[in-house]
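Down below is the structure, laid out as structure tokens.
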Amino acid sequence: MDKELKEILFGEWLSVTGGLVGGTLLAVWLDRIFMLPGLFILLPGFLALRGHIGGSMASRLSSVLHLGTIKPVWKNNKVLQENMLAAFSLALLISLLLGIIAFFAVNVFFHISDARIIFIALTAALIANIVEIPLVAASTFWVYRKGYDPDDIMGPYLTTTGDIISVLALFIGVLAVTSL
Amino acid sequence: MQFTITKPMADRKLMWKIIRESFFILVFAAMLSSLGGLGFEFLREKIIFLIPLIILFPALNDMIGDMGTIVASHFTTLLYMGKLDKKRPFASPEFRRLYRNILLTAVLAAVYLVAVAGAIAWVKGFALSPALFFKILFVALLSTLLMIHFLAFATFLGGLYVYRKGHDPDNYLIPLATSFADLGNMALLVLFVRVFL
């Protein structure tokens, strides 16, 4: 078995196992999460967003670590702070957009007007990113300090953690908004 | 063109730079994903009773997205290292090796996913018959194989096009590959669920 195949297989095994955990949580909370119209429209984009934003942030941090622009420390790390602020802002903005798209799509195609989907998207994004963004930074630094290349590891790792955190955040978001 | 930050930027300039450069591609990716999700919403009444498919869905989407990232990353590496025959990219030994490895990984991962999802659903009390299990396996394998082929060829052809226009493929390929992979996979799943399940 060649080296490339081994690395791809291992990375994929890690990634899809995390996805299975996320999928199992979805199945367990099926009646709660999918009772609202539009959740199916929101779900794929919301899950993918963790990977897009977290992955880009990890990649940027990895680049500046390798270049020596920053050290893997939290204190007085302006580059890190700006990356985290940017990632958080983007995540909230795009999640709001996803909620709005879901709201209008359900309105147009199913003639149901339920704005709660927008608040669920925002609430879930807030919860997910408060956890995920510091986790991305901490994990990237940890991997780098241990002597590994974050570029090789962070991709499947973020896919795994992103799915689990996203589903948990969506469940909490649904509970919070529907109980109001 | 500078693609990396070599020194810290003052005030919030770095934050705004990241937001500015990422915003539109993320909007595009969000719209593509929502389109795929809309297909699922139309089949909501059918899909919510197929517990193995619910369990399978995030992982299958992840896998196809990851394959897109792997193909796109390898493409740019091969291109910049001069290991790709720009006139006949699909004849390159490196492309063939990557294609074989991606295909094998995707098939093994799809079988693993369906088996584990089926086992979890069965433990949860879902009445999973052998016929339904093999139908779900068939749907997962078929959509995976079609998407892998599409990704491999579209990424290499699209990447060469971008490169010839004087742009860095790294800025385009990964977000585009993962977005189209997600959309294509969801569209195929919706189609096959309608037809076979």
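First the proteins, then the strands, lettered A, B, ... as listed; each starts at 1. Heavy-atom basis, side chains included; hydrogens, waters and symmetry copies ignored.
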Shortest non-hydrogen pair, B/Ser22 vs A/Leu90, comes out as CB-CD1, 3.8 Å
At a 4.5 Å cut-off on heavy atoms, which part of B/Arg97 comes close to chain A: side chain, backbone, both, or neither? both
Transitive ILVMFWY side-chain link A/Leu36 to A/Phe46, under 4.5 Å: yes
Select, from B/Leu60, B/Ile51, B/Val27, B/Leu104, the one with the greatest count of heavy-atom pairs under 4.5 Å involving chain A. B/Val27
Check: B/Ala140 main-chain N/O paired with B/Ser143 side-chain donor or acceptor under 3.5 Å: yes
I'd like to know if the side chain of B/Ser129 and the backbone of B/Leu132 have a donor-acceptor N/O pair within less than 3.5 Å. yes
Check each atom of [X] against the heavy atoms of chain B and say whether the ones under 4.5 Å are side chain, backbone, both or neither.
X: A/Ser89; result: side chain
X: A/Leu25; result: neither
X: A/Leu85; result: both
X: A/Ala27; result: both
X: A/Asn83; result: both

For residues 33-44 of chain B, which side-chain donor-acceptor pairs fall under 3.5 Å, sequence neighbours excluded?
from	atom 1	to	atom 2	distance (Å)
B/Ser33	OG	B/Ala29	O	3.1
B/Ser34	OG	B/Ala30	O	2.9
B/Glu41	OE1	A/Gly38	N	3.4
B/Glu41	OE1	A/Phe40	N	3.2
B/Glu41	OE2	A/Gly38	N	3.2
B/Glu41	OE2	B/Arg44	NH1	2.8
B/Arg44	NH2	A/Phe34	O	2.1

Chain B contacts: which residues in residues 104-143 of chain A have a non-hydrogen atom closer than 4.5 Å to it? A/Ala105, A/Phe109, A/Phe110
In Å and rounded to the nearest 0.5 Å, what is the CE to CG distance from B/Met31 to B/Leu26? 13.0 Å
The remaining residues in the hydrophobic cluster of B/Trp122, counting side-chain heavy-atom contacts under 4.5 Å among Ile, Leu, Val, Met, Phe, Trp and Tyr, are B/Val123
A/Thr17: which residues meet the side-chain hydrogen bond (donor to acceptor under 3.5 Å, both in side chains) condition with it, sequence neighbours left out? B/Tyr112
Heavy-atom pairs under 4.5 Å with chain B, option from A/Ile94, A/Leu43, A/Leu26 with the top count: A/Ile94
Looking only at heavy atoms and a cut-off of under 4.5 Å, which of A/Pro37, A/Gly45, A/Gly22, A/Pro44 has the most pairs with chain B? A/Pro44
Just by distance, no angles: are the side chains of B/Asp66 and A/Ser15 close enough, under 3.5 Å, to form a donor-acceptor pair? yes
Indicate whether any N or O donor in one side chain lies under 3.5 Å from an N or O acceptor in the other, for A/Tyr144 and A/His66. no
